[in-house]
Amino acid sequence: MEHDPSAISKAAEDRDNKFLTKAVEEAYKGVECGDGRPFGAVIVQNDELVVSCHNMVLRNKDPTAHAEVIAIREACQKLDQTYLPECEIYASCEPCPMCFGAIHLSKIKRLVYGAKAEAAVAIGFDCFIAEAQKDTSSHQKPQLEIKKIDGTAAVIAEQVFEKTKGKYALY
């Protein structure tokens, strides 16, 4: 029996949208509870959610407590391993250089993100992040697949910035 490639592609897209939506929900949650800024990340292994985290910069008084870094730390602890080569990370927004470095060092095999860094810059976040991402070809590593989500999921990911604007301290 042959598999319908369009059905497989649709299932993969639905899966990506499901986990990215969870990352966006975390972004809202982090702002609503006062922990941090509007960024969320989830780590998945074998189609199972391992951890779901949000930015904790304000709560932890730690400028490195970005959602992706928190998620990597928690996933490593939960899975009792130093590296995450069988995992994927879903980030509500394009990772900053620090988070991208952490993703690379953790050996995560796949990154899927929603909003472009420019969406965060548009409401006052440091343009360093977007500027650093302009040449993302330098970020392409053979062991890391990077996917920018399109369509409705991307719009929802970008709306998080406008909808939470003014509800947290920037700097």
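Values below: every heavy atom of this structure, side chains too, minus hydrogens, waters and symmetry copies.
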| Full working for side-chain contact (heavy atoms from CB on, under 4.5 Å) between I72 and I108 | CA-CA 9 Å; I72 290 167; I108 286 175; 4.0 Å; yes
| field | Side chain to side chain, E88 and K109, heavy atoms closer than 4.5 Å | value | yes
| query | When rounded to the nearest 0.5 angstrom, what is the spacing between CD in Q81 and OG in S106? | reply | 10.0 Å
| request: For G40 and A27, work out which heavy atoms get closest and say how close. | output: N-CB, 3.6 Å
| note | Residue set satisfying side chain to side chain contact (heavy atoms under 4.5 Å, CB included) with E74, at least two apart, ordered chain then number -> V51, C53, I70
| request: Examine distances only and state if a side-chain atom of K148 and a backbone atom of G114 form a donor-acceptor pair shorter than 3.5 Å. | output: yes
| task | For residues R37 and V31, report the shortest heavy-atom separation together with the two atoms involved. | result | C-CG2, 3.7 Å
| Contacts of K147 that satisfy side chain to side chain donor-acceptor pair (under 3.5 Å) - sequence neighbours left out | D16
| query | Do the side chains of Y28 and V155 join up, straight or via other hydrophobic residues, at under 4.5 Å, putting them in one cluster? | reply | no
| Gap separating the CG atom of L105 from the CG atom of L84, nearest 0.5 angstrom | 11.5 Å
| query | Is any side-chain heavy atom of V42 closer than 4.5 Å to a side-chain heavy atom of L49? | reply | yes
| request: Linking directly or through intermediates, with side-chain heavy atoms under 4.5 Å: list the remaining ILVMFWY members grouped with M98, chain and number order. | output: V69
| Atom pair CD (E86) and NZ (K107), whose distance is rounded to the nearest 0.5 Å | 13.0 Å
| Residue pairs involving residues 70-98 (criterion ring-ring contact (aromatic ring centres under 6.0 Å, His included); sequence neighbours excluded) | F19-Y90
| Nearest-0.5 Å distance that lies between atom CG in L20 and atom CD in E13 | 11.5 Å
| Can you list every side chain to side chain donor-acceptor pair (under 3.5 Å) pair that touches residues 40-59, not counting sequence neighbours? | R15-D47, E26-S52, E26-H54, D35-H54
| task | State which residues pass ring-ring contact (aromatic ring centres under 6.0 Å, His included) with F39; sequence neighbours excluded, sorted by chain then number. | result | F125, F161
| remark: Nearest heavy-atom approach of C87 to L79 is SG-CD1, 3.9 Å
| note | Closest non-hydrogen atoms of P95 and I103, given as atom of the first, atom of the second and distance, are CG-CD1, 3.9 Å
| From E68 CD over to F100 CZ, what is the distance, rounded to the nearest 0.5 angstrom? | 11.5 Å
| task | Work out which heavy atom in I43 is nearest to a heavy atom in A75; give both atom names and the distance. | result | CD1-CB, 3.8 Å
| request: Measure the CD1-CD distance between I149 and E158 for me, rounded to the nearest 0.5 Å. | output: 12.0 Å
| field | Nearest heavy-atom neighbours spanning S92 and P38 | value | OG-O, 4.2 Å
| message | Assess whether a salt bridge exists between K10 and D14, defined as any Lys/Arg side-chain N lying under 4.0 Å from an Asp/Glu carboxylate O. | response | yes
